[in-house]
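Each ligand, and each atom within it, is numbered from 1 in the order the structure gives. From a predicted model like this one, the values you see are computed outputs, not experimental measurements.
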Amino acid sequence: MSVFGLPDRAYELQRAVRAFVDGTVIPAEDGTLARNVDRLDEVCSELRRKARTAGVFAPDLWEQWKGSRLGWQVRHLVLEEVGRSPLGAGALHCAPPDMPNIDLLAAVANPEQRVRYLQPLINAEVRSCFAMTEPTPGAGSDPSMLKTTARLAGRRWVINGHKWFISGAIGARFAIVIATTDSGPTMFIVESTNPGWRIQRSLRSLDSHQLGGHAEIRIVDCIVDDECRLGETGKALVYAQMRLEPARLAHCMRMVGRAQRVTELAQQYLRRRQSFGSPLAELQNVQTLVADSHIDLYAARLMTWHVAAKMDAGESVKQDSAIAKVFVSEAVCRIADRAVQLAGASGTLVDEPIGQFFQEVRPFRIYDGASEVHRAAIGRRVLRSSHELADLDPLLMQG
Ligand SMILES: Cc1cc2nc3c(=O)[nH]c(=O)nc-3n(C[C@H](O)[C@H](O)[C@H](O)COP(=O)(O)OP(=O)(O)OC[C@H]3O[C@@H](n4cnc5c(N)ncnc54)[C@H](O)[C@@H]3O)c2cc1C
């Protein structure tokens, strides 16, 4: 049993995942995989085969663990290890958007949808995407600006709209699309073979290792049966929130893993690189930068773990997960920036892990809710609360 009350078995699992990431995933890293959607798919498929053989393929683990999905604290251990490599989450099949889509489908899909979409997704036989964001004047931070429409024609829906930044869209078998209906925003499952689902272009974002890239999509007179409606009409934003909370927490976990790795790489550089007659590691200014990164790492890891523990306890994490997302996304940017600085010119190579992470981490302050949007919500909730301490965790109020 650990200080966090997790069983030894959880740490055995963490060690197994770490060994697989160190021994198999990190050696497969290759700067030329960046934004190369086809090669990334090939390399991750091969790594998944190896992960199954090594007994660390995520969905297999979920099933072994007391016959159900892993709890969030155990996922934390796994996802932090997986996050140490940009290929890790794809290799173990716990990458977004598939992982949060699995959570969403498991909660909302009807029996037929579970067979047709959820099971193949769990088995990694197919990939999926989640299509909510639209270019101006459509929905971004403000989902009420949704412009994509779904009109009922008999027992079928006709969807029209324009989406962009849809991660994983290239090569996905299906998309979970949010469109507005007479009853409000509603989710639909749209298969990528539908002639109305048109990938317009692949977007080259700062992050470079997204399976299926990011795409701009036109949805043109896209006809789907009512059986493709996911959940109830008018409930899409409730379901999106259900999906987003765990999704952003999982992102925090993977990002902490990457931040830990780039800090270690910078430290290795400091020990071997000499300047003015001594290793860089012996210079006090350099030690201060390293210390600041470890302070950020410690706080980011603890916040993430605390939200995970509350989720496992079935408690509301609305406020905590927003606070953790803002802090972790900004802390990992600071850590990445320090790692570049400490590693000198070598830290700026975009085909190497430090430079890659520096680029990749920046969009995290925008997706899953921009920092400013979260800050506004955090402050609003605190100030609307009738009791000054109402939003504090009961743990902090004891004694
Ligand atoms: C790498 C990446 C992957 C993504 N993947 C997906 C995906 O798979 N599916 C999907 O649907 N979307 C995806 N997105 C889109 C993402 O969800 C949106 O970028 C995000 O919701 C913000 O919307 P926006 O880009 O339109 O920014 P805008 O809404 O135009 O906001 C721009 C900026 O204005 C400020 N701002 C906005 N509103 C407020 C407010 N209320 N208070 C204070 N400041 C505010 C913030 O600084 C914000 O960053 C992805 C984005 C990125 C970068």
Excluding sequence neighbours, so at least two apart, what forms side chain to side chain donor-acceptor pair (under 3.5 Å) with Thr304?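 Checked Thr304 against side chain to side chain donor-acceptor pair (under 3.5 Å); zero matches.
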Is there a side-chain contact between Lys50 and Phe20 (heavy atoms, below 4.5 Å)?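 SC-SC contact between Lys50 and Phe20 confirmed.
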Side chains of Glu315 and Asp320, heavy atoms from C-beta outward: is any pair under 4.5 Å?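 Result no, sub-4.5 Å side-chain heavy-atom pair not found.
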Report, as yes or no, whether the 6.0 Å neighbourhood of atom CG on Asp182 holds more than 12 heavy atoms from other residues, nucleotides or ligands.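 No.
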Report yes or no: is the cationic atom of Arg261 (NZ for Lys, CZ for Arg) closer than 6.0 Å to the six-membered ring centre of Phe357, at no more than 45° off its axis?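 No, Arg261 and Phe357 do not form such a contact.
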Pi-cation contact, Phe327 with Arg334 (under 6.0 Å, within 45°):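 Satisfied, under 6.0 Å and within 45°.
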Measure and list all N/O to N/O distances between ligand 1 and the protein that fall under 3.5 angstrom.
unit_1   : atom_1 : unit_2 : atom_2 : d
ligand 1 : 5 (N)  : Phe165 : O      : 3.0
ligand 1 : 5 (N)  : Ser167 : OG     : 2.7
ligand 1 : 8 (O)  : Ser167 : N      : 3.0
ligand 1 : 8 (O)  : Ser167 : OG     : 3.2
ligand 1 : 9 (N)  : Phe130 : O      : 2.8
ligand 1 : 11 (O) : Met132 : N      : 2.9
ligand 1 : 11 (O) : Thr133 : N      : 2.8
ligand 1 : 11 (O) : Thr133 : OG1    : 3.1
ligand 1 : 12 (N) : Thr133 : OG1    : 2.6
ligand 1 : 17 (O) : Thr133 : OG1    : 3.4
ligand 1 : 23 (O) : Ser141 : N      : 3.3
ligand 1 : 29 (O) : Ser141 : N      : 2.9
ligand 1 : 29 (O) : Ser141 : OG     : 2.8
ligand 1 : 47 (O) : Glu372 : OE1    : 2.7

